[in-house]
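The structure appears right after this line, and notes come after that.
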Amino acid sequence: MIDRAEASAALAEIDEMVRRVRQSRIYNLASRMMVMWGVLVFAGYLLTWLVPRHATVGWIAVYAAGIAGSAWLTVASRPRPGVRSFDLKTLLAFAMFIAFGIFCCWLGHFGPRQLGAFWPIYFMTMYAIAGLWFGHAFIAIGAIVIALTLVGYFRLGDAFDLWMAFVNGGGLVLGGLWMRRS
């Protein structure tokens, strides 16, 4: 028989292990998505820098591929049949987040350069906020990409899109690979 203190300590160890496994699963899925989105975003900014007149079509392709890839990764990473990792509330929250970003862009009458800075800052702010629940790696990745985006926006001229390919796209890839080690 074990006494009350030993039972309490054993339950605390089990809770800690469950928390660490849950965080590991979240980091695994997030790292895969970050690498995928990083490669796509890198391609989008590179296309914008190389062939600016085709940027709109390129970004639509980036978003379509990213959304499809995110859905596939989410479904493929289910822990077991019958356990949902992506539900209607999550989809609606993401749709509301995107709609608000589009509204801000419409209200602000952003040009291409402002859009190139707004969306990374907007998404990285959400990564940093997610870090309050899911771990400090999200906060660090978000803060670094935001800071480097602002540096490029205020200090670089025509090379801003090339800068953003490496900062935003490369930052997401490196952040995703870093999270795999966590």
Side-chain angles (χ1 to χ4, degrees), residues 27-77 86 90-131 134 137-181:
Y27 270 37
N28 184 34
L29 177 60
S31 72
R32 289 177 183 190
M33 283 195 188
M34 288 176 69
V35 169
M36 179 201 63
W37 275 102
V39 169
L40 291 170
V41 166
F42 183 89
Y45 276 112
L46 196 58
L47 178 72
T48 300
W49 184 66
L50 292 171
V51 193
R53 62 189 155 116
H54 295 297
T56 302
V57 173
W59 281 106
I60 290 170
V62 164
Y63 296 140
I67 291 167
S70 295
W72 180 81
L73 284 172
T74 300
V75 169
S77 70
F86 192 82
T90 305
L91 179 63
L92 289 174
F94 190 70
M96 289 167 54
F97 174 74
I98 297 297
F100 182 72
I102 291 169
F103 175 72
C104 289
C105 292
W106 172 78
L107 190 64
H109 303 288
F110 295 162
R113 186 176 172 87
Q114 289 83 17
L115 286 171
F118 171 77
W119 285 107
I121 291 171
Y122 189 59
F123 274 97
M124 289 301 125
T125 299
M126 292 311 297
Y127 266 94
I129 290 170
F134 301 125
F138 286 88
I139 296 171
I141 293 164
I144 290 168
V145 171
I146 288 170
L148 291 174
T149 298
L150 291 172
V151 166
Y153 182 79
F154 289 111
R155 300 280 185 202
L156 298 177
D158 293 336
F160 177 67
D161 289 318
L162 183 61
W163 170 262
M164 288 308 297
F166 287 97
V167 167
N168 194 14
L172 286 170
V173 170
L174 289 175
L177 295 175
W178 175 49
M179 288 179 74
R180 287 186 181 179
R181 297 183 65 221

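Side chains included, hydrogens not; waters and symmetry mates left out as well; all remaining heavy atoms used.
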(message) What I'd like to find out is whether the side chain of Met124 reaches to under 4.5 Å of the side chain of Leu172, using heavy atoms alone.
(response)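 Met124 reaches Leu172 side chain to side chain.
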Give the minimum heavy-atom separation between [X] and [Y], together with the two atoms involved.
X	Y	answer
Ser31	Gly176	CB-O, 3.0 Å
Leu40	Val62	O-CG2, 3.4 Å
Cys104	Phe118	CB-CZ, 3.9 Å
Ile139	Ala128	CG1-O, 3.3 Å
Gly157	Arg113	O-NH1, 2.9 Å
Met33	Ser70	CE-O, 3.4 Å

With rounding to the nearest 0.5 Å, note down the distance linking [atom1] in [X] to [atom2] in [Y].
X	Y	atom1	atom2	result
Thr56	Leu47	OG1	CG	10.0 Å
Ile121	Leu150	CD1	CG	4.0 Å
Leu162	Thr48	CG	OG1	11.0 Å
His54	Ile60	NE2	CD1	13.0 Å
Ile67	Ile98	CD1	CD1	7.0 Å
Leu29	Leu73	CG	CG	6.5 Å

(request) Would you mind listing every side-chain hydrogen bond (donor to acceptor under 3.5 Å, both in side chains) that reaches into residues 145-157, with sequence neighbours excluded? (result)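 Of all non-adjacent pairs touching residues 145-157, those that pass side-chain hydrogen bond (donor to acceptor under 3.5 Å, both in side chains) are Gln114-Tyr153.
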(message) Using the ring centroid of each side chain, check whether Trp163 and Phe160 are separated by less than 6.0 Å.
(response)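 Trp163 vs Phe160: aromatic centres not under 6.0 Å.
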(message) So does Gly69 get a backbone contact from the side chain of Trp37, meaning a donor-acceptor N/O pair under 3.5 Å?
(response)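 Not at all, since once roles are kept as given, no pair shorter than 3.5 Å links the two residues.
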(request) Kindly say whether Val167 contributes a backbone atom to a donor-acceptor pair with the side chain of Tyr45 at under 3.5 angstrom? (result)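 Pair absent, no side-chain N/O of Tyr45 close to backbone of Val167.
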(request) Hey, can you tell me if Phe123 and Phe97 have their rings parallel, tilted or perpendicular (30° and 60° cut-offs)? (result)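 Phe123 and Phe97: perpendicular rings.
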(request) Give me the ring orientation class for Trp119 and Tyr122: parallel if the planes are under 30° apart, tilted from 30 to 60°, perpendicular past 60°. (result)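 It falls in the perpendicular class, over 60°.
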